[in-house]
2 protein chains.
Amino acid sequence: MSLATDAADQPTLYKRIRADIEKRILTGEWPPGHRIPFEHELVARYGCSRMTVNKALSELAQAGLIERRRRAGSFVRRPQHQSAVLKIADIRAEITALGRTYGYELIHRKLRTATTADRDRLGVKKAGKVVAITCRHSADNVPFAVEDRLIDLSSVPNAATADFSREPPGSWLLHHVPWTEAEHTISAIVADERTAETLDIAVGAPCLVIDRYTWRSARTITAVRLLYPGDSHRLVARFKGG
Amino acid sequence: MSLATDAADQPTLYKRIRADIEKRILTGEWPPGHRIPFEHELVARYGCSRMTVNKALSELAQAGLIERRRRAGSFVRRPQHQSAVLKIADIRAEITALGRTYGYELIHRKLRTATTADRDRLGVKKAGKVVAITCRHSADNVPFAVEDRLIDLSSVPNAATADFSREPPGSWLLHHVPWTEAEHTISAIVADERTAETLDIAVGAPCLVIDRYTWRSARTITAVRLLYPGDSHRLVARFKGG
DNA sequence: TTGACTTATATGTCTAGACATATAATCGTA
DNA sequence: TACGATTATATGTCTAGACATATAAGTCAA
């Protein structure tokens, strides 16, 4: 292990230690299961304190590249192909990022007491008030996605008076509701008549479906279903080990 | 900020500090843009050293919950709905995890010099050797997914002699190729005649498509297309802020 | 008002120790 | 041989300092 290699562009020591180890794992020099040097060995090798080495190894462990076991040492983990970061961009941002003109249109909005189906969809028990919204996003005046959303007013009372004819509910929620958790389910369907008409595609054409449930501290906020024409839209998920 | 709350189940101090701050962000008490206390203030509040506070804040920054700016302080970031962790499980693991019987069948295997289409798909320039594989995964003897794969033999020479009639290429690669990076593209199509027959679904039925490109240190390893019946398969991506 | 210079300060990294704790390895006993 | 107790050790957390560095804010001159 060369101590001084590219020290110029790796200013801090712990980052260099981390990069050195990462490189050995990526090239396969240290295969899955391989025990990487003990902290005290790296301390001797780099001539630094244990805290510095520990910081490097802790970050590698957090990134999932290595596994640390007390008394035993640190080991290279097997690659986990199955975990990937999926970027589901805000639709407006996604379209403008492509250099196209974003268009939005509210199709339907209704304030009602939650039906059984609504409660099911939101995963709540009490029959509070909800807002149901259907709207359409377009890029350069071509339909891009149709959105079908339910907002729980007991969690987000302000949504009752928000003007969703001007601003998409997704953007509004992003700006008015604090940090959230979300779960996305992705599937494929074929367009029924109503969907086909709204998206201006053929009946029976494939559609990518994203169902997103959002909540905050165990409180449901919103449930949304997004339908994209399947042949024109793609979701990209990128995985990087470390 | 109560110092002693649930200290019993939060054994270490830095984790408690992290959890305390995370809670305030999640509940909206500290909205996006809010400046969280300076390190020296938290040091005074918790009666610990700065390194302990620093570790808690560094992890929150790494998780994307806060942003740290020199001289200015640390600030709550806006929620980023668009980022989610997608778990694309190894198919065998996915099926056995559901308590169903995994089945595998090699449909086609061919070793050839890369065609123009192959080179395009793998993103390589030179016309080396490749292995093309078509196979089928099933759960309880019902077709689950059809896989169409290309392996670059200049990156993975061993794949030329591997027995893919017994072991799925995905599993084989997982065990024989070191750490990798991958990019997934998800889209929807309708089943053509050949796909419909292989998956035992109707022609025109919706299918979820996952295209995965895998490489290691800028070397392409494999390109694979997985087709799932769209109505029976769902991908779940979960986002958790922090 | 604007631009250049200076200063104060919060974070970034690091040290040389310390004790805690989980557990692999060893030893002793039934 | 099998099992229970002991010990050694690598990691986990923490301290009370230190200097480095980016930059917000203030100062001063053109």
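Quick caveat: nothing in here was measured; it's all calculated off a predicted structure. Here is how names work: the chains are called A, B, and so on, in the same order as the sequence lines, proteins then strands, and each is numbered from 1.
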**OP:** Let me know the distance between CD1 of Ile17(B) and P of dT13(D), rounded to the nearest Å.
**Re:** 12 Å
Original post:
Between Glu41(B) and Arg35(B), is there a side-chain N and carboxylate O pair less than 4.0 Å apart?
Top reply: yes
Subject >> Residues touching DNA chain C, which here means a heavy atom under 4.0 Å, drawn from residues 66-75 of chain B >> reply: Arg68(B), Arg69(B), Arg70(B), Arg71(B), Gly73(B), Ser74(B)
Original post:
Taking only residues two or more places apart in sequence or in another chain, which ones pass salt bridge (charged side-chain N to carboxylate O under 4.0 Å, His left out) with Arg68(B)?
Top reply: Glu39(B)
Subject >> Spacing of Arg50(A) atom CZ relative to dA18(C) atom C1', expressed in whole Å >> reply: 10 Å
Subject >> Shortest side-chain distance from Met51(A), nucleotide among dA18(C), dG17(C), dC14(C) >> reply: dG17(C)
Original post:
Atom CG of Leu60(A) to atom C1' of dT11(D): distance rounded to whole Å?
Top reply: 15 Å
Original post:
Below 4.0 angstrom from OP1 or OP2 of dT13(D), is there any side-chain N or O of Lys15(B)?
Top reply: yes
**OP:** Just say parallel, tilted or perpendicular for the rings of Tyr102(B) and His137(B), cut-offs at 30° and 60°.
**Re:** tilted
Original post:
Can you tell which of dG12(C), dT15(C), dA10(D) lies closest to the side chain of Cys48(A)?
Top reply: dT15(C)
Subject >> Rounded distance (Å) that lies between atom P of dT11(C) and atom CG of Leu57(B) >> reply: 7 Å
Subject >> Whole-Å gap separating C1' (dG12(D)) and CG (Asn54(A)) >> reply: 7 Å
Original post:
When the distance from CD of Gln62(A) to P of dT11(D) is rounded to whole Å, what number comes out?
Top reply: 17 Å
Original post:
Taking atom CG of Asn141(B) as the centre, does the number of heavy atoms from other residues, nucleotides or ligands within less than 6.0 Å exceed 12?
Top reply: no
Original post:
Is a salt bridge present between Arg77(B) and Glu67(B), judged by a nitrogen-to-oxygen distance below 4.0 Å?
Top reply: no
Original post:
When you check the gap from the basic side-chain N to the acidic O, do Asp211(A) and Arg225(A) get nearer than 4.0 Å?
Top reply: yes
Original post:
In whole Å, what is the span from the CG atom of Leu42(B) to the C1' atom of dT11(C)?
Top reply: 13 Å
Original post:
Do Thr222(B) side-chain atoms and Leu150(B) backbone N/O form a donor-acceptor pair below 3.5 Å?
Top reply: yes
Original post:
Would one find a side-chain N or O of Lys55(A) under 4.0 angstrom from OP1 or OP2 of dC14(C)?
Top reply: no
Original post:
With respect to the side chain of Ser49(B), which nucleotide from dT15(D), dT11(C), dA16(C) is positioned closest?
Top reply: dT15(D)
**OP:** Round to the nearest Å and state the distance from Phe38(A) atom CZ to dT9(D) atom P.
**Re:** 11 Å
